[in-house]
Amino acid sequence: MNPAGRSLHTVRWLTLGAVMAAASITAMELMLALAVLTWLALLLAGRRRDLLPNAELTILLGLLMSWNIISALAAVDRQQALAGLPSGLLLLAAPLATAVLASHDRELMRALMLLEAGLLGLWAMVELLFLWDGNPLLRVRGPFSHHMTLAGVLLVMVLQALPRPGLSPLVGEPWGRRLGRAAALAGLGGLTATLTRSAILAVVCGLATLVLTSPHPRWRRWRRPGAVLMVLLVGTAVSLPWFPGGGNQPPSAAAASVTDRLQLWRAGAAMVRDHPWLGVGPDGTRRVVAGYLDPDYQRPGVASHLHSAWLTLAAEGGLPLLALVLFFYGRGLARGRSLLAWGRDSDLVRGALAALAGFMVMGFFEDNFDDSEVFFVHMMTLAVVWQRRGRGAAGRDAPV
């Protein structure tokens, strides 16, 4: 193998290593940074022009980052706003994946995420049954700092594998299929153990996406009403203040969570009205939200976000940033449908679309854009719908 080939091999394994280290933000970012640096070095050396990322994806992510920088420069507290800019390293994860991961690498990534989901799910269920003290504010969180991070990671990892859960790239058949199903069940069990209602609703929306994209003829007649019924039933259930609460006083704990969100959403709407174009700047919520909350409302600490990724985007970056993000995801959904129409990697694409739908729905209730571990696995699975179609002479996927 020539030096360029060895370097590409290194980039691939560093990228997959970052996926394997997703439970540790330090290890994940270190491996991702090494992969990005090696990849950029190959591009700058002019040795592997076939390693250019998807152009549209890269341009859209560059526009998102540029608008964030403009918003930070326009903020009252410019220095803190610049310090609160989203990580450009995590944004590079998706272009990196489109450039260096071939189809078999994506299959391996899918299996690695499913294996991690199974292990994290087992950890969460053991923690719930034997270690949790019933405090609704300190629920099971596994190796992460918060239960919503665990729920978000499990959400993306399980949904991306559900069309055909298997660990065959790791252990072969038939054990790969059996262990894959067990890992998926463990991941779903662990997600339920976090008692995160938004994640439970998001999983159902992801499952509805799988029903809507199912290629089986028997689903065609019933898939639309079935998907709508699934979402309505679970959405109604999880919106009830007493489901699931946890602790000795589940109704009051869950109701307090709903009340806090409503207060923050009202404050966020007022922030958008006052700063519709450039927002209050990245990470600006914690600096200004107190002035928008009801003076009679007391919360335990300063809010760092608005318990809604979409509202936080609009409040901190302005409505143009929200519109750009929505266009970005709209293009991703359109590309996913196009790939399904071509019959390209159907299970991978359906899983990526389900994970995208779940991530977007959970974002209505949590700021999962600001959760590094969740956002990283989201970027890696999202890259699947920006993949390349066909094969080039060098063995790489040819661009769409």
Side-chain angles (χ1 to χ4, degrees), residues 8-23 28 31 35 93-94 96-125 153-191 203 206-207 209-211 213-216 219 336 339-340 342-358 376-391 395-397:
L8 175 57
H9 190 67
T10 300
V11 174
R12 286 175 176 170
W13 281 109
L14 283 171
T15 305
L16 294 172
V19 172
M20 289 186 283
M28 176 267 287
M31 288 193 179
L96 170 71
T98 65
V100 304
L101 297 184
S103 182
H104 65 276
D105 297 316
R106 293 190 289 268
E107 291 280 2
L108 180 56
M109 181 182 73
R110 177 190 188 191
L112 289 171
M113 284 193 181
L114 179 58
L115 176 61
E116 286 179 84
L119 295 175
L120 289 171
L122 289 174
W123 185 334
M125 288 188 287
V153 168
L154 286 173
L155 169 76
V156 174
M157 286 184 167
V158 172
L159 283 177
Q160 61 92 35
L162 277 187
R164 184 168 48 87
L167 300 179
S168 301
L170 300 174
V171 298
E173 291 289 3
W175 281 103
R177 184 169 59 253
R178 297 169 184 167
L179 292 175
R181 292 170 180 169
L185 289 174
L188 290 173
L191 185 147
V203 164
L207 293 175
T209 302
L210 293 179
V211 170
T213 58
S214 173
H216 298 296
W219 283 101
L339 287 169
L340 289 178
W342 277 77
R344 174 74 175 169
D345 292 338
S346 176
D347 290 329
L348 277 169
V349 175
R350 290 180 64 223
L353 290 175
L356 172 57
F376 168 69
V377 294
H378 165 60
M379 282 283 102
M380 294 301 293
T381 56
L382 181 65
V384 171
V385 301
W386 293 92
Q387 66 186 342
R388 302 164 181 230
R389 190 188 301 138
R391 304 296 294 183
R396 306 293 304 144
D397 294 336

(request) Show your working on side-chain contact (heavy atoms from CB on, under 4.5 Å) between T213 and V349 and close with a plain yes or no. (result) CA-CA 10 Å; T213 58; V349 175; over 6 Å; no
(request) Apply the test side-chain contact (heavy atoms from CB on, under 4.5 Å) to residues T381 and R110: give CA-CA distance (whole Å), side-chain angles for both, the deciding distance (0.1 Å), then the verdict. (result) CA-CA 8 Å; T381 56; R110 177 190 188 191; over 6 Å; no
(message) Q160 vs M380, test: side-chain contact (heavy atoms from CB on, under 4.5 Å). Steps then yes/no.
(response) CA-CA 10 Å; Q160 61 92 35; M380 294 301 293; over 6 Å; no
(request) Check the pair L340, L353 against side-chain contact (heavy atoms from CB on, under 4.5 Å), reporting the backbone distance first and the verdict last. (result) CA-CA 10 Å; L340 289 178; L353 290 175; 3.9 Å; yes
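Counting heavy atoms from C-beta outward, M109 and T15 have side chains that stay 4.5 Å or more apart. Residues V158 and L191 have side chains not in contact (no heavy-atom distance under 4.5 Å, counting atoms from C-beta outward). Residues V19 and E116 are in side-chain contact: their nearest non-hydrogen atoms beyond the backbone lie under 4.5 Å apart. Here the side chains of V384 and D345 are not in contact, with every heavy-atom distance at 4.5 Å or above.
By the side chain to side chain donor-acceptor pair (under 3.5 Å) test, R177 is found to be paired with E173, residues two or more places apart in sequence or in another chain being considered. By the side-chain contact (heavy atoms from CB on, under 4.5 Å) test, L170 is found to be paired with L108, A111, L112, L115, L167, residues two or more places apart in sequence or in another chain being considered. Under the rule for a side-chain contact (heavy atoms from CB on, under 4.5 Å), the partners of L210 that lie at least two apart in sequence or sit in another chain are L162, P163, L207, R350, A354.
Annotation: the span from L159 atom CG to M113 atom CE amounts to 12.0 Å, rounded to 0.5 Å.
L154 and A117 make their closest contact through CD2-O, 3.4 Å (heavy atoms, listed as atom of the first residue, atom of the second, distance). Nearest heavy-atom pair, M379 versus A93, reported as atom, atom and distance to 0.1 Å: CB-CB, 4.2 Å. When all heavy atoms of A18 and M28 are compared, the closest pair comes out as O-CG, 3.5 Å.
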